[in-house]
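These notes are about the structure you will find just below.
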Amino acid sequence: MRKLIRRTSRKAGLPPGSLVHVGERTVDKTQISVLDYAADHIEEAVLASADQCVAFKDKPTVTWINIIGLHDVDVLQRIGECYGIHPLVLEDILNTQQRPKVEDFDDYLFVVLKMIDLDPETKEIAAEQISLVIGDNFVLSFQEAPGDVFENVRERLRSGRRRIRERGTDYLGYALLDAVVDHYFVVLEALGNHIEDLEGELVEEPDRETLHSIYTLKRELIYLRRSVWPLREVLSFLSRGEARLVQQETIAYLRDVYDHTIQVIDTIESFRDIIGGMHDTYLSSLSNRMNEVMKVLTIFASIFIPLTFFAGIYGMNFDYMPELHWRYGYPTLLSIMFLATMGMLVYFRRRKWL
Amino acid sequence: MRKLIRRTSRKAGLPPGSLVHVGERTVDKTQISVLDYAADHIEEAVLASADQCVAFKDKPTVTWINIIGLHDVDVLQRIGECYGIHPLVLEDILNTQQRPKVEDFDDYLFVVLKMIDLDPETKEIAAEQISLVIGDNFVLSFQEAPGDVFENVRERLRSGRRRIRERGTDYLGYALLDAVVDHYFVVLEALGNHIEDLEGELVEEPDRETLHSIYTLKRELIYLRRSVWPLREVLSFLSRGEARLVQQETIAYLRDVYDHTIQVIDTIESFRDIIGGMHDTYLSSLSNRMNEVMKVLTIFASIFIPLTFFAGIYGMNFDYMPELHWRYGYPTLLSIMFLATMGMLVYFRRRKWL
Amino acid sequence: MRKLIRRTSRKAGLPPGSLVHVGERTVDKTQISVLDYAADHIEEAVLASADQCVAFKDKPTVTWINIIGLHDVDVLQRIGECYGIHPLVLEDILNTQQRPKVEDFDDYLFVVLKMIDLDPETKEIAAEQISLVIGDNFVLSFQEAPGDVFENVRERLRSGRRRIRERGTDYLGYALLDAVVDHYFVVLEALGNHIEDLEGELVEEPDRETLHSIYTLKRELIYLRRSVWPLREVLSFLSRGEARLVQQETIAYLRDVYDHTIQVIDTIESFRDIIGGMHDTYLSSLSNRMNEVMKVLTIFASIFIPLTFFAGIYGMNFDYMPELHWRYGYPTLLSIMFLATMGMLVYFRRRKWL
Amino acid sequence: MRKLIRRTSRKAGLPPGSLVHVGERTVDKTQISVLDYAADHIEEAVLASADQCVAFKDKPTVTWINIIGLHDVDVLQRIGECYGIHPLVLEDILNTQQRPKVEDFDDYLFVVLKMIDLDPETKEIAAEQISLVIGDNFVLSFQEAPGDVFENVRERLRSGRRRIRERGTDYLGYALLDAVVDHYFVVLEALGNHIEDLEGELVEEPDRETLHSIYTLKRELIYLRRSVWPLREVLSFLSRGEARLVQQETIAYLRDVYDHTIQVIDTIESFRDIIGGMHDTYLSSLSNRMNEVMKVLTIFASIFIPLTFFAGIYGMNFDYMPELHWRYGYPTLLSIMFLATMGMLVYFRRRKWL
Amino acid sequence: MRKLIRRTSRKAGLPPGSLVHVGERTVDKTQISVLDYAADHIEEAVLASADQCVAFKDKPTVTWINIIGLHDVDVLQRIGECYGIHPLVLEDILNTQQRPKVEDFDDYLFVVLKMIDLDPETKEIAAEQISLVIGDNFVLSFQEAPGDVFENVRERLRSGRRRIRERGTDYLGYALLDAVVDHYFVVLEALGNHIEDLEGELVEEPDRETLHSIYTLKRELIYLRRSVWPLREVLSFLSRGEARLVQQETIAYLRDVYDHTIQVIDTIESFRDIIGGMHDTYLSSLSNRMNEVMKVLTIFASIFIPLTFFAGIYGMNFDYMPELHWRYGYPTLLSIMFLATMGMLVYFRRRKWL
């Protein structure tokens, strides 16, 4: 199973602004790709070194720099210096155990959020931290590992769609947030299907495996909730339009993402409620089966143990047992046994055990 | 069982305002019907094409356009253009996975809510999204499927009732909201009866079926709660009278619907509490029966197993077993067995097992 | 058991202000009684028709009109017209499924609350809706059925107590609210005693009946809570003194009723907590008894089944079984059996099963 | 067990300000003791009659009058008249079912709170209502029964400690509140020890008694919580310094008591959480033991029932049973039985039942 | 197990400001060490007596005085007098049962918080109270026992790091808070690993030990939560920058610690949720195993008890039992028994018991 908590302990006690990467190293070399565009122009580049960022710094166009891999602290430091980013922000970007949050500095907005994916095999959730720094003419996005949900945004930029190309960095920031939140629905859909499968099992034949699945699902939802819940505040802040960088026209779009986030949270809460109910149902279902097993045992034991006793009686070797010598002793006993058995069966049927 | 979540995933990553229908296609062709009225005039029409809407656009009368079936994105787009509706609103109308909400644009109010129905057979809740766009002289209502709870409103309009015919679009909007909320009571009543039936079963003879019903009911109430709860905010906003389109005289009516919504939510919460208690009771009830089964088994086993042992003793073939040759060995043993049985029965009665 | 929800469904879809009685018809004819008083004067009357109300309308004295029975919609309509009451208020009075609430119209206060009673036999709660309309010189009180908790108030009025006779309609309204809330304590006391009885059963001999009682109690408390909780807001509003009709001197008294309501709610919450604990205790208690039953079974079976086996061995008919022919075979076997039994008993005692 | 609710029902329906004592009569005669002091002077007295209070009324010194026993309504009424106390306040003093609260009248502060004690034998909580009326030059304290936690305060006054002797009535009021809240810690300590004892039992040998203790503890904590929780608001109000009677220098002290109250509430909540967990643990512990009992039974039954069957086979009296006449039939059978037993034991060990 | 509550009872009833140490005595002699620094200067000293503090009082440099051991009330009193600290603050420092809190006096800030550690063996949490008094040119830190998490801060001071050496007392205070909160992550990581171990056991072979561990973990988390939760308010207050002593530049750093505290609280809540789920899973897991045990028993009993009965029948000694004399009686019976056994096995397999 996924670790409950990442190793942050080695950061303990370091001075603030110490750049220490908390998380796994996923790529050999930090990848820096740039998308620089204006309404009538677009340029793509892969940077060999962080120092090349300077070239884009004072351009009036919108520059989107996407950084993949956070283990190389030097690269981040240089980008940070280039764009004048506070050391505590860089520290937060590196610490992938962050809670989603937004911070409004004078020159830029800093947004942390979680990109979620579901392993189709193990049904485990993988979360990757995405940090966005949105300035007047640049957007920096930091990812832990290759692979993201932004391909559609890139396509829209490349294909020259008017809205995204003409608007500023706030709209690009919105587009990235929207892509992340939209992907939550994909994950929720998969989880919903998984829950429905479990419900089927629960009704038909619950076993150890079902129990384990319920437990894991519960755990995953706790994690998912923790990753998404604080996003509500982030989007609420952004869509209130108090940040200088968010333009009036973008607010309606941000409000739309806010609505989606609420929907995601609602759905997570529903799933949690449903899974809570599944646990009770599982236990009741087990009790039901135990009851059935016990009834079978009781019926067999209650019928045959007394009969065996009677057979035992006439297996005794006393010298004087007159019944043994009666002509009809044996058939009489068999008849009594048959009647007793019938009586028991009627009794059990009356109690609805049969 | 109803799907936990609708397929929204194919929307993921599309640009905002992309019109994609999320939901099932229920009709072949989108149906557009118009009810245009003033205090002294009423006109009904079924439109062959969305373009015919334009005819009503600048009339001073109130125009209620009801659209059934959301799969045909073109139709919606044309209506949207005709009445100047924001693309994000159209997107929300098409995405039937919306949370109830209200949005106050300058020219119109946009309201999303859920029309609820209960399948009398399966006791499952079916929710259909109703979107209302309330402008100065028009009300657009969008439904997913044919069949609604607005027939009474139409009747009142046709029969020329003064209040509804003389007042503006805000009153018509209120009337539609009221019809939807009133129908919730019908559903709650049916659910209440279903819960009472289950309570009966619980006391008398709980079985697997009962467990399944409790689980399903819990799940349905989670869904119902999620569909109704946000309506509270919607009606709270409308009845505060802050929206330009809501006139002073309509506020008292909206406050009335608000009260009804609170009542619905209260009832749902009570039902949830009651069902929570049913689960505990079910498990206790099973334990009770297990106890009874176990007592029967224990009584039979505890009486007959020792007796069988004694019979076994005198069935042994040792050469020297003096008791076997006593004249009264057999009746003595029978008497001892009888007394032991009596003793056991007294013991069990004292323990209240009999 | 009491119905979970009253039939409100036939109201669904009717235009607002439609006067439809939701509830049971309890009297043949609606009873209208009047108590008209001032500091030095009191007059009592039973009105034959609702139209007679007009006579009291413009008197400067305080007029308390008590209406019992809500099925006769005409009567209400006429009273409503006489005192200028909004149709939506009349509709609320007739719908006895209302939530407690207060509404401040310009000319009068409208208060809805629940009068609670406990059936001493079935321990079921009966709630009757009381609606109060408090104007400048009149108080209208509407009851569903005969019998109320206002007899003390009437006595005080008749006996000429200064405070109640000299003060205005707001003080009479307070006196009626106070009488209803005071009666909640009577109900809580009875419920408290019932819970204590159940606690006794729980410790001594819990059975199916106990389980059923716990379940019913839980259900009744859910209902009670729903009936009383919103009263908190009602009294909080009234005791803030924002309503024009509430005079300064009455506020201290209303604050007192508010305190009592909080006390009632606190007690209900405590009862709910206690009953939650009873359910767990019941299940644990059953498990305890199951354990005891199982121990008895296990002790008997574990001692006698092996012994029976040994008796069975020497009951076999092999030609060559040397033990059978030993002189001391039989007593030796009996001794071994005795020792084995002792060993088992020691073992069970060590495990604290005996 | 302590009654869940005191008899308030006979108050129902009485006019407001009716002085009715709700609670038990604990002393024959209401005791009134006076402590009158200033920085350089202290005087103690026991009053024979309530009328003697008048003597202290207009003195500039601080007069602390402590009244024990509330059954004598006359005494209270006279004291009330002497110090000009509102009838509703006197009613609240007499009704010992009050919720802790503070009320700020113009001339005095009225504070109700609960003095808690724990019976060391039964571990049951006894709560006594303490009412304080704090005026400009007097403090009235009302107790239900003799015995209180104020002895230390009296000692400090007598011994002439400067702070308490020089400050006014607000400081005395603080000292009394502090004494009550400090005593809560004594009770919590005793409860903490009791919980730890129960935890020990839970791990070692949980029985019926443990279950009963857990249930009682839960109930007591519900009661304790209800008694202490509202005190938070009381002290929050007092320490905000809005009341005219609370001087600036006393606020820091009241804030200190406020902190202690929060600590008490925190501790109660923790205890409640812990006890919730104990119930689950108890049930799991029982299940564990049931599992063990069942394993013993199953092992015995599964080994000896088949063996008995084989012994039964060769105890049959068929004429033609060749095995019976084989020379090594008996030892062969014994060997087979021995091997079968060994096989079963190995199987059970593999399943970890042994 | 750790005591649920420390002995505060002997403080009950003492006058406010009475200095009584609540907690354990951990060192023989209170240790007082001083770190006095400015940007270009640092001096370390161990004070032999509290009176030596005076020397540092009026220096413009930052003086950090760390006091270890709180049993010596005299020492504290003298330090308190030297720096002008309110007696109630000293009382709070000595009472190690405090809730984390911040108090803003005019001349200094008083902060109480908990330093947490986890015993790697018993997995028990040890909390030590840290009190900070932050003045204009001094920081006092009080610890209960030797050993702390501040070594890194001391190192940074000694090594002359510019930021910490140049800034004032508020930054030092921040550094100490940060060190404490950073260490929480170390504890959470260890707890996370412990929970994962338990999850492993839960799936494989849950036993009594597992139950005990779950219970202890639950208890520890309740305690941890209580220790950390109020810190949220402390840091929220400090990072709002309302306190005079907190400079503008330090606020960003305090906000960072605030974020970390929220993360800690989030993680604690997740852990609590997960452990709640573990309890249910444990019980279900036990039920699962009980089911298996019962099935084994039932299969054995249901097969062999009937067979034994048939063997018993032909072990009877009736004179007239024709079957006994049939040539093929014995093999016929054996065949019937074999077929019956096969039938039972098929039946059990169909029920999925095998």
Side-chain angles (χ1 to χ4, degrees), chain B residues 149 151-153 156 161 163-164 174-175 178-179 182-183 185-186 188-189 192 195-196 199 202-203 252-253 255-256 259 262-263 266-267 269-271 273-274 277-278 280-281 283-285 287-288 290-291 294-295 297-298 301-302 305-306 308-309 312-313 315-321 352-353, chain C residues 1 3-5 7-9 11-16 86 88 91-92 97-99 101 103 205 207-208 211-212 214-215 218-219 222-223 226 230 279-280 282-283 286-287 289-290 293-294 296-297 300-301 304-305 307-308 311-312 314-317 321 323-330 333-334:
Chain B
V149 297
E151 213 43 56
N152 274 293
V153 179
R156 276 191 272 155
R161 278 191 164 260
R163 202 156 38 199
I164 197 164
Y174 147 73
D178 190 47
D182 267 10
H183 198 69
F185 286 103
V186 181
L188 286 179
E189 216 178 292
I195 291 177
E196 281 165 11
E199 283 178 333
L202 211 58
V203 176
Y253 294 94
R255 180 153 293 277
D256 198 58
D259 283 350
I262 301 288
Q263 245 176 284
D266 267 18
T267 309
E269 295 301 326
S270 298
F271 283 4
D273 272 6
I274 286 172
M278 288 172 87
D280 291 346
T281 306
L283 200 55
S284 295
S285 197
S287 265
N288 251 330
M290 182 91 89
N291 256 340
M294 285 305 302
K295 278 181 197 165
L297 174 60
T298 302
S302 306
I305 289 181
T308 305
F309 164 66
I313 285 287
M316 294 194 295
N317 300 319
F318 283 102
D319 291 352
Y320 309 98
M321 288 182 70
K352 301 222 172 133
W353 293 5
Chain C
M1 273 194 262
K3 297 290 284 179
L4 281 172
I5 188 168
R7 278 201 61 219
T8 46
S9 54
K11 275 203 60 168
L14 292 188
H86 196 283
L88 284 174
E91 196 187 343
D92 283 352
Q97 189 81 343
Q98 284 296 322
R99 217 172 162 258
K101 67 172 175 180
E103 280 180 16
E205 200 64 24
D207 57 10
R208 254 167 207 282
L211 180 63
H212 192 228
I214 293 173
Y215 179 79
K218 207 173 214 166
R219 196 185 191 276
I222 289 168
Y223 181 75
R226 182 146 70 105
H279 225 129
D280 291 347
Y282 183 81
L283 199 55
L286 283 184
S287 265
R289 283 164 75 188
M290 181 92 89
V293 173
M294 286 304 303
V296 168
L297 173 61
F300 271 92
F304 286 103
I305 289 181
L307 295 183
T308 305
Y314 295 104
M316 294 193 296
N317 300 319
M321 288 181 71
E323 299 96 314
L324 294 180
H325 311 297
W326 292 353
R327 184 62 185 98
Y328 299 106
Y330 179 53
L333 182 67
L334 286 188

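Not measured: the values here are computed from a predicted model. We name chains A, B, ... by the order of the sequence lines, and we start the count at 1 in each one.
Scanning for side-chain hydrogen bond (donor to acceptor under 3.5 Å, both in side chains) contacts around B/Asp273 gives C/Arg272, with sequence neighbours left out. By the ring-ring contact (aromatic ring centres under 6.0 Å, His included) test, B/Phe271 pairs with no residue at all, sequence neighbours left out.
In terms of heavy-atom pairs under 4.5 angstrom with chain B, the leader among C/Ile214, C/Asp280, C/Leu283 is C/Leu283. Interface check for chain B: of the options C/Val293, C/Thr308, C/Asp207, C/Leu211, the most heavy-atom pairs under 4.5 Å are formed by C/Val293. Per-residue heavy-atom pair counts under 4.5 Å with chain C were compared for B/Gly315, B/Ser270, B/Gly277, B/Ala301, and the maximum is reached by B/Ser270. Between chain C and the options B/Leu202, B/Ile195, B/Ile274, the largest number of non-hydrogen pairs under 4.5 Å is found for B/Ile274. Contacts with chain C were tallied for B/Asp256, B/Asp266, B/Ile262; B/Asp266 has the most, counting heavy-atom pairs under 4.5 Å. With chain C as partner, the option from B/Ala252, B/Pro306, B/Ser287 having the largest number of non-hydrogen pairs under 4.5 angstrom is B/Pro306. Chain C forms more heavy-atom pairs under 4.5 Å with one residue of B/Asp259, B/Ile164, B/Leu297, B/Leu188 than with any other, namely B/Asp259.
The only option from C/Leu333, C/Leu307, C/Leu334 that meets the side chain to side chain contact (heavy atoms under 4.5 Å, CB included) definition with B/Ile313 turns out to be C/Leu334.
The part of C/Tyr282 that comes within reach of chain B is its side chain, from C-beta onward, which places non-hydrogen atoms under 4.5 angstrom from that chain. For C/Met321, no part sits under 4.5 Å from any heavy atom of chain B, backbone or side chain. Proximity to chain B involves both the backbone and the side chain of C/Gln98, based on heavy atoms less than 4.5 angstrom apart. Residue C/Ile305 touches chain B through both its backbone and its side chain, counting heavy-atom pairs closer than 4.5 Å. Residue B/Ala175 does not touch chain C at all, counting heavy-atom pairs closer than 4.5 Å.
Residues C/Arg289 and B/Asn291 approach most closely at C-OD1, 4.2 Å, considering heavy atoms. Considering all non-hydrogen atoms of both residues, C/His279 and B/Thr281 come closest at CE1-OG1, 3.3 Å. Among all heavy-atom pairs drawn from C/His325 and B/Tyr320, the shortest one is O-CE1, 3.7 Å. The two residues C/Gly329 and B/Phe318 come nearest to each other via the heavy atoms C-CE2, 3.5 Å.
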For B/Arg255 and C/Glu103: C-alpha separation, side-chain torsions, deciding distance, then whether salt bridge (charged side-chain N to carboxylate O under 4.0 Å, His left out) applies. CA-CA 10 Å; B/Arg255 180 153 293 277; C/Glu103 280 180 16; over 6 Å; no
